[in-house]
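See structure below.
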2 protein chains.
Amino acid sequence: MDTQSSRRQATRTKLYEAAVTLIAEQGFSATTVDEIAERAGVAKGTVYYNFKSKTELFEELLRHGVGLLTESLRSAADETAARGGTRVEALDAMIRAGLVFIDRYPAFTQLYVAELWRTNRAWQSTLLVVRQEAVAVVETVLREGVAGGELSDEIDIPLTAAALVGMVLVAALDWQAFQRERSIDDVHAALSRLLHGRVSGR
Amino acid sequence: MDTQSSRRQATRTKLYEAAVTLIAEQGFSATTVDEIAERAGVAKGTVYYNFKSKTELFEELLRHGVGLLTESLRSAADETAARGGTRVEALDAMIRAGLVFIDRYPAFTQLYVAELWRTNRAWQSTLLVVRQEAVAVVETVLREGVAGGELSDEIDIPLTAAALVGMVLVAALDWQAFQRERSIDDVHAALSRLLHGRVSGR
DNA sequence: GTTTTTGAACTGACTGGTCAGTGCAAAGGA
DNA sequence: TCCTTTGCACTGACCAGTCAGTTCAAAAAC
């Protein structure tokens, strides 16, 4: 990477960081380009030198963030498999990876959830693609678990994957928003218990 | 109820219905008061005759919608208790009630999720109150289950409640957005299986 | 029973302000 | 020399909220 493109990359990163917190707090439309530029410590013109439009900046931000998440889920699953863990252990490791991600990038997560189920928005198709990549990682592990007899073959793979993702997402956002004092281990333990069906019975 | 106030109520209801779908699709800031008025078939002035501001219209909409949900969860729990069901059965009934609600008011649910974890917004405090009412219903049933020995006393009640709500919310929104063809029974069965820990094992 | 009055509900043109995006000359950096 | 960034003025569209005026059902007056 030459110095020019890395300089440019640094500017883009500053813009992502500024945009992600502002948009998470206020929403896309309520956040102005002037605000983003100011928080990034950059001139407004620079925003338009680096991105075609406010919408394009946002779409690239989405792609970038979900890319990180997908990567992190995938590597949690792979590492578990590499050291000979079961698929349920892999799911558990992915839950933890999800929590770590949300802990590190809470603003991105907020923004993602806020936009995911909207219809009729410019970036709808971007979002659909990017969501599918992340969910697919979970579905793959479920499918392998069923194939290997470790998971019941009666489970509904897409629905169960969505439910697991939702469980982690919502518990983690609640943790961040309303019970900051809890440790990541507490949250992980509670979710792990649900995954393993150790809720009912004593 | 006299004709005047029922006429007024009808206008407010039309405005709620118009606002909820538009805001679910586009978000609060991207939705204009002119659009809301137009879709409701009233003049813009009428919006301001009935509500102090765009924000107030939205806050009342939130209160109204979450009120319906809370009511519906509570009555599912109560009916189960009335016919002598267990607490786990009550949770199962509440999952179904949640799904029925989301099926009936998908737009409201979208909008609620999109706004819930935002910080620094005008209606933040309204939302906090209203969320707590709904989550409390789930927490109560969990607490009763633990007290009666039906649920493990090691579960973390607030986190488990949040995780269950998240599971239902996300699975249902995914169902609505990406797999409309599935029946409510399919979705319920998948979530019920997770609740009962019938995922791993064959 | 008919006319008049009242006032709540509603209307829609208008205002003041905001904001995305542009244009451009000059500066800084490799 | 070329790429990147700055600073800033400007435009045109858009939008929340206002307000003077209209409608009309029901109460009051006769």
Side-chain angles (χ1 to χ4, degrees), chain A residues 1-62 111 115 118 120-123 126, chain B residues 1-62 111 115 118 120-123 126:
Chain A
M1 179 152 49
D2 64 37
T3 29
Q4 248 160 22
S5 78
S6 84
R7 183 181 168 207
R8 195 168 177 178
Q9 191 51 53
T11 303
R12 294 169 81 104
T13 302
K14 277 194 290 182
L15 286 170
Y16 285 151
E17 280 165 8
V20 78
T21 52
L22 287 167
I23 297 178
E25 282 169 10
Q26 306 175 325
F28 176 80
S29 307
T31 300
T32 68
V33 174
D34 289 278
E35 276 178 307
I36 296 172
E38 194 194 338
R39 180 164 308 185
V42 140
K44 186 178 184 176
T46 305
V47 176
Y48 285 93
Y49 182 78
N50 283 280
F51 298 97
K52 188 164 106 270
S53 65
K54 183 185 170 187
T55 302
E56 205 213 49
L57 162 58
F58 184 59
E59 283 188 81
E60 301 224 347
L61 177 57
L62 282 175
L111 162 170
E115 293 299 334
R118 291 217 194 292
N120 295 347
R121 302 232 71 178
W123 47 82
T126 301
Chain B
M1 181 147 53
D2 65 40
T3 35
Q4 252 165 19
S5 75
S6 82
R7 184 183 172 201
R8 191 166 179 181
Q9 190 53 52
T11 304
R12 293 170 80 105
T13 302
K14 276 193 292 182
L15 285 169
Y16 284 150
E17 281 165 8
V20 79
T21 51
L22 286 167
I23 297 178
E25 282 168 9
Q26 305 176 326
F28 176 81
S29 306
T31 301
T32 68
V33 175
D34 288 276
E35 276 178 307
I36 296 172
E38 194 193 339
R39 180 166 308 185
V42 300
K44 185 177 190 174
T46 304
V47 176
Y48 286 91
Y49 182 77
N50 283 279
F51 299 95
K52 187 163 105 270
S53 63
K54 183 184 171 187
T55 302
E56 206 213 47
L57 162 57
F58 183 60
E59 283 188 81
E60 301 224 349
L61 178 58
L62 281 175
L111 159 173
E115 295 299 335
R118 287 215 195 297
N120 295 348
R121 301 233 71 177
W123 48 80
T126 301

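Basis for what follows: all heavy atoms, side chains included, without hydrogens, waters or symmetry-related copies. A, B, ... follow the sequence lines: proteins, then strands. Residue 1 opens every chain. All values derive from a computational prediction rather than experimental measurement.
Here the P atom of nucleotide C:dT18 and the CD atom of A:Glu35 are 13 Å apart, to the nearest Å. The distance from atom OH of B:Tyr49 to atom P of D:dT22 is 18 Å, rounded to the nearest whole Å. Summarising the geometry, the separation between CD1 on A:Ile36 and C1' on C:dG21 is reported as 13 Å, rounded to the nearest angstrom. Taking atom CD of residue A:Glu38 and atom P of nucleotide C:dC19, one finds them 12 Å apart after rounding to whole Å. Rounded to a whole Å, the CD atom of A:Gln9 is 18 Å from the P atom of D:dC3. In this structure, B:Arg8 places its CZ atom 21 Å from P of D:dT23, rounding to the nearest Å. Between B:Leu15 atom CG and C:dC10 atom C1' there is a gap of 12 Å when expressed in whole angstrom units.
OP1 or OP2 of C:dT11 lies within a sub-4.0 Å distance of a side-chain N or O belonging to B:Thr46. For B:Thr11 and C:dC10, the shortest distance from a side-chain N or O to OP1 or OP2 is below 4.0 Å. The phosphate of C:dG21 has OP1 or OP2 within less than 4.0 Å of a side-chain N or O from A:Tyr48.
By the 4.5 Å heavy-atom criterion applied to side chains, B:Leu61 and B:Leu15 are not counted as neighbours. The side-chain heavy atoms of B:Thr11 and B:Arg8, taken from C-beta on, include no pair separated by under 4.5 Å.
Side-chain atoms of A:Glu35 come within 3.5 Å of backbone N or O of A:Thr32 as a donor-acceptor pair. Between the side chain of B:Arg121 and the backbone N or O of B:Glu115, no donor-acceptor pair lies under 3.5 Å.
Residue contacts shown for A:Val42 are limited to sugar-phosphate atoms, with no base heavy atom under 4.0 Å away.
Under 3.5 Å, the side chain of A:Lys44 and the base of C:dG21 form at least one donor-acceptor pair of N or O atoms.
The CD atom of B:Gln26 sits 11.0 Å away from the OG atom of B:Ser29 when rounded to the nearest 0.5 Å.
For the pair B:Asn50 and B:Arg12, the tightest heavy-atom approach, listed with the atom from each and the gap, is O-NH1, 3.1 Å. The two residues A:Phe51 and A:Glu60 have their closest heavy-atom pair at CE2-OE1, 4.0 Å.
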Side-chain donor-acceptor pairs of residues 36-49 of chain B under 3.5 Å, sequence neighbours excluded:
{"residue": "B:Arg39", "atom": "NH1", "partner": "B:Thr21", "partner atom": "OG1", "Å": "2.9"}
{"residue": "B:Lys44", "atom": "NZ", "partner": "B:Asp34", "partner atom": "OD2", "Å": "3.1"}
{"residue": "B:Thr46", "atom": "OG1", "partner": "B:Ala43", "partner atom": "O", "Å": "3.4"}

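Between A:Phe28 and A:Phe58, the ring planes are tilted. Angles from 30° to 60° get that label.
Residues from residues 18-34 of chain B placing a heavy atom under 4.0 Å of any atom in DNA chain D, listed by number, are B:Thr31, B:Thr32, B:Val33. In the region residues 50-57 of chain A, proximity to DNA chain D at under 4.0 angstrom, judged on heavy atoms, holds for A:Asn50.
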